[in-house]
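Below is one structure, written out as structure tokens, with a few remarks after it.
Keep in mind that the numbers below use all heavy atoms, side chains included, and drop hydrogens, waters and symmetry copies.
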Number of protein chains: 2
Amino acid sequence: MKKLDSSFKLIKEKLHKAGFKLTPQRELTVEVLLEKEKDHLSAEEIYLLVKAKNTGIGLATVYRTLEILTELQIINKLTFQDGIARYDLNMGSDKHQHHHLLCLKCGSIEEVKQDMLFEIEKEIERDYHFLVKDHRLTFHGICRNCAEQDKEEEGDVNG
Amino acid sequence: MKKLDSSFKLIKEKLHKAGFKLTPQRELTVEVLLEKEKDHLSAEEIYLLVKAKNTGIGLATVYRTLEILTELQIINKLTFQDGIARYDLNMGSDKHQHHHLLCLKCGSIEEVKQDMLFEIEKEIERDYHFLVKDHRLTFHGICRNCAEQDKEEEGDVNG
DNA sequence: GTAACTGCAAATGGTTTGCAAACCT
DNA sequence: AGGTTTGCAAACCATTTGCAGTTAC
């Protein structure tokens with residue numbers, strides 16, 4: 001809980017400094033985001049999780065909170081191919097976005113922490129005269145789990 | 001027009017082979033996509049352009065046509081951060097997606113033809129046991145035009 | 001001739017907005 | 001106390017769907 005606590009404090013400070021009030025709804029939303037850091041939740045999912053914490057909250061409030069948090073760069077708003085916005089804590093590196101692995105079978109989203117794009121960004125800046133501020137990189141493919149399952153199924157068919 | 005003609009023929013063949021009828025609406029939609037190859041049009045924009053060709057067409061038909069073309073991998077459906085689907089001809093390389101440069105000022109979308117990600121994909125497959133099929137890479141930043149405009153404006157202020 | 005296709009209008013689903021009541025500070 | 005925030009319901013907007021009439025093959 002140590003790490004969560006300090007992140008929590010940091011985020012609350014950021015909100016406060018930017019002149020926003022610390023309402024229970026906002027605190028709970030941040031809490032959920034911290035608890036499910038790896039899950040790339042949609043607004044709806046966050047809404048349900050906050051509600052499950054025995055507190056009433058409106059979906060609109062969740063959207064409004066997420067908008068604020070995005071503005072303050074506390075979270076990133078991501079849109080994968082289904083067009084639904086998903087949110088992603090932006091702790092630590094205020095710099096560039098990490099990458100994502102989107103499984104075409106089960107829809108899971110895994111994170112790739114390394115950046116890997118420094119060289120390519122330099123190329124882009126040089127060759128296209130485009131000043132890179134950030135990037136979004138998603139690989140589409142088959143995750144480890146699904147690949148293993150596929151193998152098992154093949155086995156079933158043949159055996 | 002030579003290149004467009006042959007692309008057009010190729011696409012019509014693909015449709016035909018897959019058992020789809022060649023209706024005027026579909027032909028015109030493909031025509032628009034070929035003419036505006038660089039523009040990353042939305043469904044609505046395609047709809048308006050087809051209608052402008054003096055033919056009536058329904059928005060639903062455009063969507064349905066785009067769905068078919070996406071299925072047949074003739075076009076790619078792309079979703080940038082605004083959540084609106086945009087479409088992109090997939091001529092030549094049925095392989096991996098090229099990259100995009102999205103300008104944060106003017107919203108323009110430029111293409112990067114080179115792939116640049118072979119090495120990184122290999123790393124991903126090795127380190128994450130994730131079988132990469134495709135990727136989406138978008139750089140967010142300031143395009144050449146906007147950067148130049150910014151400089152001019154600075155000049156105005158100071159002079 | 002007939003299954004596929006079209007166009008309209010209505011439905012859907014994620015997101016936004018208006019407004020009166022409730023709440024931080 | 002006063003501006004901010006909330007929650008509901010209605011509005012919005014891109015996209016999808018149902019269905020009766022039309023068309024490509």
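- Enclosure of atom NE2 in A:H16 is not indicated, since only 12 or fewer non-hydrogen atoms of other residues, nucleotides or ligands lie within 6.0 angstrom.
- Whole-Å rounding puts the A:Q25 CD to D:dT4 P distance at 17 Å.
- If you measure from atom CZ of B:F80 to atom P of D:dA14, you get 17 Å, rounded to the nearest angstrom.
- For the pair B:T61 and C:dC5, the criterion of a side-chain N or O lying under 4.0 Å from OP1 or OP2 is not met.
- Although no hydrogens or angles enter the test, the distance criterion places no donor-acceptor pair under 3.5 Å between the side chain of A:N76 and the main chain of A:L78.
- One atom, CG of A:D82, and another, P of D:dA14, lie 17 Å apart when rounded to the nearest Å.
- Between the C1' atom of D:dA24 and the CD1 atom of B:I68 lies a distance of 14 Å, rounded to the nearest Å.
- Summarising the geometry, the separation between CG on B:L22 and P on C:dT6 is reported as 10 Å, rounded to the nearest angstrom.
- When the C1' atom of C:dC5 is taken as reference, atom CG of B:L66 falls 15 Å away, rounded to whole Å.
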Worksheet, complete the sentence: In 5'-to-3' order, the base (B), backbone-only (S) or no-contact (-) status of each nucleotide in nucleotides 8-18 of chain C, using a 4.0 angstrom heavy-atom cut-off, is B-----SBBBB
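- Surrounding NZ of A:K38 are at most 12 heavy atoms belonging to other residues, nucleotides or ligands under 6.0 Å away.
- Residue B:R26 has no polar side-chain atom (N or O) positioned under 4.0 Å from OP1 or OP2 of D:dA24.
- The one candidate from A:V62, A:T70, A:L69 that meets the side chain to side chain contact (heavy atoms under 4.5 Å, CB included) condition with A:Y87 is A:T70.
- Terminal axes of the helix from C:dG1-D:dC25 to C:dT25-D:dA1 (five pairs each, C1' rotation axis) are separated by 40°, to the nearest 10°.
- For the pair B:L41 CG and D:dA14 P, the interatomic distance rounds to 15 Å; values are reported in whole Å.
- Using a 4.0 Å cut-off between charged side-chain N and carboxylate O, B:D134 and B:R136 make a salt bridge.
- The closest side-chain donor-acceptor pair between B:H135 and B:E121 falls under 3.5 angstrom.
- A:Q114 and A:H99 share no side-chain donor-acceptor pair at under 3.5 Å.
- Side-chain N/O atoms of A:E111 and A:H40 include a donor and acceptor closer than 3.5 Å.
- Heavy-atom neighbours of B:K36 NZ from other residues, nucleotides or ligands within 6.0 Å: at or below the threshold of 12.
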